[in-house]
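One structure is given below, encoded as structure tokens.
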Protein chains: 2
Amino acid sequence: MKPMGSKSRTTRTVASSRTRPGKTSRPRAASKKSEIPDDRRQVVINEAARLFGTKGYEGTSMRDIAAAVKILPGSLYHHFPSKEDLFVAVYAFAVSQSLDAVRAAIANRTDPWTRLEAACIAHTQGLLDNNSYAAVLISHLSVSHLPNQVVSLRDSYESVFKELIAELPLPQGIDRRIFRLGLLGSMSWTITWYRPGGETPATIVRKLLNIMRRE
Amino acid sequence: MKPMGSKSRTTRTVASSRTRPGKTSRPRAASKKSEIPDDRRQVVINEAARLFGTKGYEGTSMRDIAAAVKILPGSLYHHFPSKEDLFVAVYAFAVSQSLDAVRAAIANRTDPWTRLEAACIAHTQGLLDNNSYAAVLISHLSVSHLPNQVVSLRDSYESVFKELIAELPLPQGIDRRIFRLGLLGSMSWTITWYRPGGETPATIVRKLLNIMRRE
DNA sequence: TTTCGAAACAAACGATTGTTTGGTATTGAC
DNA sequence: GTCAATACCAAACAATCGTTTGTTTCGAAA
């Protein structure tokens, strides 16, 4: 119903923990794995990312998220002033994580096609990995009702691919913008047909790039 | 919330106008344009298609659809037993319309690449045309919670592209399945970045195919 | 030991969701 | 003129939505 792009911004009552001074208050030992799911706020973002990515924004209720974090629905508003703000936080986190993964993948590589392939594999693996943050990056099909904040975050992420494609030795007559958008679309769309048993994300990406590659 | 794939199917009370004997009852002159928006049921499908395609399934309420058709919400249940059934009807209509458009586009053409280009242009024009049925075809990103009926409809539509791509003289080492899925993904994704002022759908598709074309 | 603030619970708010029920015009067929 | 069917209105249903309010818990700083 509510398109989320609406510039509502009513008083925003409690404002909540917008200032994060460092590591004060309840330290919360890192849970099971090696990573740092410190901080309850980050736990909320992780679970919300999984749910938004799986069921979409409208299809995910605040109660779903609260249940996943094992707190009551109202308690979410201690961390985020609204569902839309929570989504923006989730999206920003997903962008930063994906950026890190892509940048790590292309480091130490020099060949333009190799760099692009590494970046695409990292990108697609993030998209197709379940319990991953990255699926929210493509959870909205219609940009029109998206917060501006999210649109610029997406643009900053895609600019990495813009640079990688600019380095490619492509023949004349190839539109690099369409090349980028087509490639990103192909990868995003894998989420609709990918099945864990079959081809790996890396194999899929290599075959896709093999189709678009020119020498 | 409700993933729509749930096999609920409770008694389905009134069953409603499932039998359509032909053209009995209230003839309803074709409204303004030349086409045939005869039949109130079809008007509901048209408006629902536009709304589902624009705001998604979860983002569109039965009240939205009813308001667009200018009837009360409850009256929709005279035509369709549930929101999900309405969506299936909309999807089926979109598939049949798109199939017609694509088949008409490739008729009279023999060159494999020309046939594929014509089909892709027709497909993408349907997707990007506002007030069009076709956007619902890609309104769901997660196949997992989709009615089986819809999945098989989609498969039947995509099989046309399967045949067109099978005719292409592609070099060895090109995976035709990935070729198809990548191409369809590129085209579907245009809906996220297409802007009416810029390049036409036909231009976009030609540039896309120029990238993937081999001789 | 007291104080304080972050984090949560408990319970509800009004609005909106898909849907149901029962009544009412209008129509073409008999 | 009667009849049945179609298409709709009017009004409500329980469930769920995002959100608010007031209170409680509890660790850390003072």
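Labels below follow one simple rule: chain letters A, B, ... track the order of the sequence lines, proteins then strands, and each chain is numbered from 1.
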Quiz item: Do any N or O atoms from the side chain of Thr60(B) and from the backbone of Gly56(B) form a donor-acceptor pair under 3.5 angstrom?
Solution: yes
Practice problem: Let me know the distance between OH of Tyr77(B) and P of dC13(D), rounded to the nearest Å. | Solution: 17 Å
Quiz item: Which one, dC9(D), dA7(D), dT17(C), comes nearest to the side chain of Ser61(B)?
Solution: dT17(C)
Self-check item: Atom-to-atom span, NZ of Lys70(B) to P of dA7(D) - whole angstrom
Solution: 19 Å
Quiz item: With respect to the side chain of His78(A), which nucleotide from dT19(C), dA7(C), dA8(C) is positioned closest?
Solution: dA7(C)
Exercise. Grab the CZ-P distance between Arg41(B) and dA5(D) for me, whole Å please.
Key: 19 Å
Quiz prompt | Any side-chain heavy-atom pair of Arg206(B) and Ile121(B) under 4.5 Å | solution = yes
Exercise. Choose from dT19(C), dT19(D), dC8(D) the nucleotide whose nearest atom is closest to any side-chain atom of Ser82(A).
Key: dT19(D)
Exercise. Measure the distance from CE on Met62(B) to C1' on dA15(D) and round it to the nearest whole Å.
Key: 16 Å
Self-check item: Rounded interatomic separation in angstrom, taking CD from Glu58(A) and C1' from dT16(D)
Solution: 14 Å
Exercise. Can you figure out which of dA7(D), dT19(D), dC9(C) approaches the side chain of Lys83(A) most closely?
Key: dT19(D)
Exercise. Specify the separation, in whole Å, of atom CD of Gln42(A) and atom C1' of dA7(C).
Key: 17 Å
Exercise. Considering just the side-chain nitrogens and oxygens of His79(A), establish if one lies under 4.0 Å of OP1 or OP2 belonging to dA8(C).
Key: yes
Exercise. May I ask you to decide if the ring planes of Phe161(A) and Tyr157(A) are parallel, tilted or perpendicular, using 30° and 60° as cut-offs?
Key: perpendicular
Quiz item: Over how many whole Å does the gap from Leu76(A) atom CG to dT21(D) atom C1' extend?
Solution: 16 Å
Exercise. Give a yes/no answer on whether the side chain of Arg40(B) brings an N or O atom under 4.0 Å of OP1 or OP2 in dC8(D).
Key: yes
Quiz item: Which whole-number value in Å describes the distance from Arg63(B) CZ to dT16(D) C1'?
Solution: 12 Å
Exercise. Look at Arg177(A) together with Glu199(B) and state whether they make a salt bridge at an N to O cut-off of under 4.0 Å.
Key: yes
Practice problem: Give a yes/no answer on whether the side chain of Ser75(B) brings an N or O atom under 4.0 Å of OP1 or OP2 in dC9(D). | Solution: yes
Quiz item: Looking at Tyr77(B), does the NZ or CZ of Lys83(B) lie under 6.0 angstrom from its six-membered ring centre and within 45 degrees of the ring axis?
Solution: no
Exercise. Indicate, with a heavy-atom threshold strictly under 4.0 Å, whether Leu72(B) touches base, sugar-phosphate, or nothing.
Key: base
